[in-house]
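Note on naming: letters A, B, ... go to the chains in the order of the sequence lines (proteins, then strands), and numbering restarts at 1 for each one. The analysis underlying the following values was restricted to heavy atoms, covering all of them including side chains, and did not include hydrogens, waters or symmetry mates.
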Amino acid sequence: MSFLDLKNVTKIYPNGTKAVHETSLSISEGEFMVFVGPSGCGKSTLLRMVAGLEDITEGDINLDGQLINEVDPSERDVAMVFQNYALYPHMNVYNNLAYGLKNRGIDKETIEQKVNDAAKLLQISDFLQRKPSMLSGGQRQRVAMGRAIVRNPKIFLFDEPLSNLDAKLRIQMRLEIKKLQQKVGVTSIFVTHDQVEAMTLADRLAVINNGIIEQLGTPIEIYNNPESLFVAGFIGSPQMNFLDANLNNKTLSAENFEIKNIDSDYNGEVTLGIRPEHLIESENGLINLKVELVEQLGSDNLVYGQIKNIKDFCYRSPGNQIIKKGDTLSLNIEENKYYIFDKSTGKRVN
Amino acid sequence: MKIKPLQIVAHIILIIGVLLMVLPIWISFASSTHENVSILTEGMRFTLGDQFSRNYNEVLNEKGGWSEEVTAAKMFINSFIMALGIATLKVAISAMSAYALVYYRFKLAVPIFWLIFITLLVPLEVRIFPSYKIVSDLGLTNSYTGLILPLVASATATFFFRQFYKTIPDELLESAKLDGANAWSFFIDFLVPLSKTMIAAMFIFMFVYGYSQYLWPLIMTTAEEYWTVVMGMKIIYTESYEGVALPRTAERFAYIILSMIPPVLVVVFLQKWFIKGLIQTEK
Ligand SMILES: Nc1ncnc2c1ncn2[C@@H]1O[C@H](COP(=O)(O)OP(=O)(O)O)[C@@H](O)[C@H]1O
Ligand SMILES: [Mg+2]
């Protein structure tokens, strides 16, 4: 049995909302797991069941060899960082960090030492006497992290902790969280709806949709091999392009091009997925893209255009290339870098 | 700095307000330093007289009541104890019952809340006979317990605490739980410090309420040693002056001024908390 084990966990809220469906998942010790999915897909619910803040309707959760379904949150030895940090407004930073330790009956000197160590690690030693209301967003974030770290819990739970920060700080804190987790080595679950955040932080990623884990794997596995239309569309930025097509006898026919010798025995209507970064310009390419808009990012360009009736098709070109509105580009797909999904079920077929 | 006409108007209104608040107290005080007779003959005064020490001495130390046992000082203390007991218990009980109503999600919480709320329609004066019956059956007449106990439940305070607790974000409770807080420590470590402004405000209101009780102590106490301030007004009744019984008006004013001191002290003492709570918006 691994460190954290979820077995057929289901959550139905009292009002009848089924937020999580028979989810099973194992997380090993020290692993950084990220739950990613659109808003309302049930990722917070899943996390809160691990924390003990929501009852488990069905299924079992084991943590460190112990069944914790009925264990009170205060007894689970888990720490959580909330989206709005939930710092204790009437306590100064020191007491915010010390509170959990005090409740465990740890003696004063040990508490002081642990708080100071955590504060040093997070560079908040200078603010220990301040109230949370006198801190900036990033500092509050650190205090919230410190409150989790100081207790040295079995598992860290993060519920979208970065979404209240501005873009720059978010990227910086993202990096720090990752470094910190590697240093401290605590098993962590991180919930986010931001796929970039998910990709950069995760050892392993669970893509959740409608209360079901659609795919589980390392970020690269999922990026390279999305198993469903949903995962393909959700992971990757800019988003994968999707085209309607037909697959017959290993030949795929889209509106104005064909691909032969497809490695699939599926016949019928499909969706073809191509990532913007998997296109290359070449003479007599498969696809003719009429450029409508170019976003210049410096390192590369995002070119949006039209292929016949398909709008907003995206191509990522090298940054040094000059492309103007109205140009027509001839594009090929990189070798085997396309994804074919059953149009009705969304399952991958190639 | 340019003074705008609007500011002048605003200040005039404020000054009128201040005068309306302060003048009656000043007149009472000024009048309390004159001779009883001169108030009767010349009316209330704006200026100080020369009878301050005589009047106040008389009021504080005169033995009153049928058995001439109780002094004004004793009555102030009685009222103070009664008000303190009522205010403390009212605040404690209503904060705790609001806590139960908000945080223990049982089905009957809402009906129970409304039941508590409805008791606003049944003040002590309405239920005074049943209350008296119970208190006397318990043998609590002529005791501080008897003075305090029937008045310690408060629907108003429960209501205010409930509304306040509802504004506290759930994450705070959840976070505290994960930090190992149990139900009691969440109340003591979080709700009490977060609501201290409210506690101070409630305490002041409830203190004044307790201090100004009249009917209940009147019915409850037969022993003079438990008389309270408002009841005591009547011991300063008349004096004989050149053979005629005249009301001791100046001394009554002195009594009124003295009776204001305990609640004023409470307000002054709790004001610090009040202002602190107003300045620091911490929630
Ligand atoms: N307390 C609740 N009562 C009823 N439904 C809820 C409750 N909390 C969340 N839900 C519903 O459960 C689903 C999953 O919610 P949540 O786990 O918060 O999603 P996410 O965190 O992925 O955005 C949503 O449809 C949401 O409306
Ligand atoms: Mg959420």
Quiz item: What part of A:Asp72 gets closer than 4.5 Å to chain B, counting heavy atoms only: side chain, backbone, both or neither?
Solution: neither
Quiz prompt | Closest heavy-atom pair and its distance - B:Leu178, A:Ala51 | solution = CD2-O, 3.6 Å
Quiz item: So with a 6.0 Å cut-off around CD of B:Glu125, is the heavy-atom count from everything else above 12?
Solution: yes
Quiz item: Please, which pairs that meet salt bridge (Lys or Arg N to Asp or Glu O under 4.0 Å) have at least one residue in residues 169-194 of chain B, sequence neighbours excluded?
Solution: A:Arg48-B:Glu174, A:Arg151-B:Asp179
Self-check item: Atom OH of A:Tyr13: over 12 foreign heavy atoms under 6.0 Å
Solution: yes
Quiz item: Using non-hydrogen atoms and a limit below 4.5 Å, what part of residues 156-163 of chain B faces chain A?
Solution: none
Quiz item: Please, which pairs that meet salt bridge (Lys or Arg N to Asp or Glu O under 4.0 Å) have at least one residue in residues 134-145 of chain A, sequence neighbours excluded?
Solution: A:Arg142-A:Glu176
Practice problem: Using a heavy-atom cutoff of under 4.5 Å, enumerate the residues of residues 99-118 of chain A that contact chain B, numbered in order, or state 'none'. | Solution: A:Tyr99, A:Gly100, A:Asn103, A:Arg104
Quiz item: For A:Phe82, is it the side chain, the backbone, both, or neither that has a heavy atom closer than 4.5 Å to a heavy atom of chain B?
Solution: side chain
Practice problem: Kindly check if the number of other-residue, nucleotide or ligand heavy atoms within 6.0 Å of CG (B:Leu14) is above 12? | Solution: yes
Quiz item: Taking atom CG of B:Leu172 and atom NE2 of A:His90, what is their separation to the nearest 0.5 Å?
Solution: 7.0 Å
Quiz item: If you draw a 6.0 Å radius around OH in B:Tyr209, do more than 12 non-hydrogen atoms from other residues or ligands fall strictly inside?
Solution: yes
Quiz prompt | Where B:Ala181 and A:Ser74 come nearest, the two heavy atoms and their spacing | solution = O-CB, 4.2 Å
